[in-house]
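Side-chain atoms are counted along with the backbone in the values below, which use heavy atoms only and exclude waters and symmetry mates.
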Number of protein chains: 2
Amino acid sequence: MTGPARRGSRPWRTPTEAQILDAALALLDAGGLAGASIRRIAAAIGAPPGAVYTYFPDREAVAAAVVERVLGEVERATPSARDQPGRDTIEAIAVALRERLVAHPGVVPLLVNGPVNGPNALLLRERLLGLLNDAGVAGESGARGAYVVIVYIVGSVALEAAEPPPVGPLPPEEERIAGRRDTLAAIPADTYPRTAAAADVIATWIGTEQYMWGLRRVLNGLLNPALQ
Amino acid sequence: MTGPARRGSRPWRTPTEAQILDAALALLDAGGLAGASIRRIAAAIGAPPGAVYTYFPDREAVAAAVVERVLGEVERATPSARDQPGRDTIEAIAVALRERLVAHPGVVPLLVNGPVNGPNALLLRERLLGLLNDAGVAGESGARGAYVVIVYIVGSVALEAAEPPPVGPLPPEEERIAGRRDTLAAIPADTYPRTAAAADVIATWIGTEQYMWGLRRVLNGLLNPALQ
DNA sequence: ACCTGAACACCGTTCAAGT
DNA sequence: ACCTGAACACCGTTCAAGT
C-alpha cells in the first residue's frame, strides 16, 4: 500500500492495472485458465510481456486481483439490507456469488488454486458472520456455520464450472442439463442402477433449482435450534 | 476399450501406464500441479516426453487417471458395510475422501479443473445414492441430497488444499491451524470486528473438527423428515 | 509396428541495454 | 527512473525418421 489512497468507485490505482485486469478477465472468459497467459494479457493491451510485471509481481497476483474484482461485483450486488432477516440475506449473497461466478467460469479455478484473502473476500466473510448472528446463531456455531455456507457455495460453483466445455462462457442452464441427461442416458443400468434410476434428477444437479434446494437444507441444518 | 480386459486388482493395462501414474502422483505431491509436467513425468520414468502419448492422449487424460486412482483408494478404504445405518457409512465415505485427498493435495485442483467421470467416481456416486436411500431419503430428495453431500466434501477439501503452501505435502493440521491463527491475528478489528472476534474458530475452519461439525449439520438438514 | 528425438509453438520471468 | 525487447529455462504436443 505505497500508492495514493483509492478514490471513489475505481478500485485500481492506475489505468494500466485496470486494463490488465479487464484483459485478464476477458481472456479467462474466452479461453479459460490456459487462455489467460501473461503474454496474451500483455498483447491485448499492446504491451510487451514484461510490462505486466511493473504492476503485478507474478501471474498468481494477477489471478488474485481478478478474483477480488469479481467478489467486488458480488459485494456491490448485495447491499446490506438490514431490514430483512439474516437468512434471506445469506440466500441473496449465495445467489449473487453463484450468478457472478457462473458468468465468469474461468475465474472459478482461481478460487481453488490459491488462498482467497483480498479485502472483498474478507468483507464477504465478515458479512456472513454477521448474518449468521442475525439469523440466531452466535458464537462458535455462527462461525462454524458461516464456513459451511462458504463451502457449499464454493463447492457448488466449482463442480458446476468443471463441467465441459472448460473454455468459453457456459451455455444456458437448460442446455447444460440436457447435455448431462444425454450423457447419463449412456450409463449402464446394470452396473449403476441407482444412478440410472435417478438420472433425470442427477442431470439437474448443476442447476439453480438444485442449488436453492441444497442451500435451504444446509441452512435448515445450521439454523434450526432443535438440531444444534 | 480396445485392449485386453483388466485383470485382478491391477487397474492399469500396462506396467508403463502404472509407472506414469506413479510418477505423476509423486510429482503432484512434491511440486503441485506445476511440478507434474508431462516432461517431468517422462523424465521420472526415463522416457522421452513423447512416450507418454503412447498411453494417454493428452495431459488432461493423465490427470483424470490420477484422480481415478485416488478415488479408487477411497473405494477400497470404505467397504460396503451393509450392517450399519446409511448415515454412518456416508460419514465414513466423507472422512475417507477427505483423508485421501488431503494426503494428496496436488490432486485436489484436478477435481475442479475438469469433469470427474471415471468408473470409481461413478461407483462412489452410485453408493451415495444408495446410502441416502438407506438413511430414509428416497427418490428425488435422495438424489438431490447425494449431490449436497458431494458438494460439501469437494468444497471442504478444495478450500483446505488451497491454503498455502500450494506445493509439497500439507503440514499437520494443528500446524496449519496455528498458521491461520497467526494470519488472523493481523486482521484489523475495527474493519472486521466479527472476524476478529471469531478468529480462533475461523482458524480451525480447515480442520477435522469443523469438517465433522458441518457434515453432521448438513446431514441433519438432509435427513430430518421434519425439515423436508 | 513401434519408439525416439528433434522440432514447433508456446509459456512465466528476468534483466541488460537503451531512453 | 522507467520501459523495452531479447533471452532463459521451461512447457504440451506432433511427427518424420529411424529401427
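- Nucleotides dC15(D) and dT19(D) are separated by 16 Å at their C1' atoms, to the nearest Å.
- Among Thr16(B), Asp22(B), Leu21(B), the one residue that satisfies the side chain to side chain contact (heavy atoms under 4.5 Å, CB included) test with Gln19(B) is Thr16(B).
- Remark: DNA chain C forms stems of 3 or more consecutive Watson-Crick or G-U wobble pairs, all pair distances under 3.5 Å, at C:4-8 with D:12-16, C:12-16 with D:4-8.
- For Glu209(A), the CD atom counts as loosely surrounded, since its 6.0 Å shell holds 12 or fewer non-hydrogen atoms of other residues, nucleotides or ligands.
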Please list each protein N or O that sits under 3.5 Å from an N or O in nucleotides 11-16 of chain C, with the distance.
from    : atom 1 : to       : atom 2 : distance (Å)
dC11(C) : OP1    : Ser37(A) : OG     : 3.4
dC11(C) : OP1    : Arg40(A) : NE     : 3.4
dC11(C) : OP1    : Arg40(A) : NH2    : 3.4
dG12(C) : OP1    : Ile38(A) : N      : 3.0
dG12(C) : OP1    : Arg59(A) : NE     : 2.8
dG12(C) : OP2    : Ile38(A) : N      : 3.0
dG12(C) : OP2    : Arg39(A) : N      : 3.2
dG12(C) : N7     : Arg39(A) : NH1    : 2.7
dG12(C) : O6     : Arg39(A) : NH1    : 2.6
dT13(C) : OP2    : Tyr53(A) : OH     : 2.6
dT13(C) : OP2    : Arg59(A) : N      : 2.9
dT13(C) : O5'    : Tyr53(A) : OH     : 3.1

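- Taking the side chain as every heavy atom from C-beta outward, Thr183(A) and Glu163(A) never approach each other to under 4.5 Å.
- For Tyr192(A) against Ile187(A), the heavy-atom pair with the smallest separation is CD1-CG2, 3.6 Å.
- Between the CG atom in Leu170(A) and the CD atom in Glu175(A) there is a gap of 10.5 Å [rounded to 0.5 Å].
- Between the side chain of Ser37(B) and the backbone N or O of Arg40(B) there is at least one donor-acceptor pair closer than 3.5 Å.
- In this structure, the separation between OG1 on Thr195(A) and CD on Glu126(B) is 4.0 Å, given to the nearest 0.5 Å.
- The CD1 atom of Ile153(B) sits 9.5 Å away from atom CG of Leu101(B), with the distance rounded to the nearest 0.5 Å.
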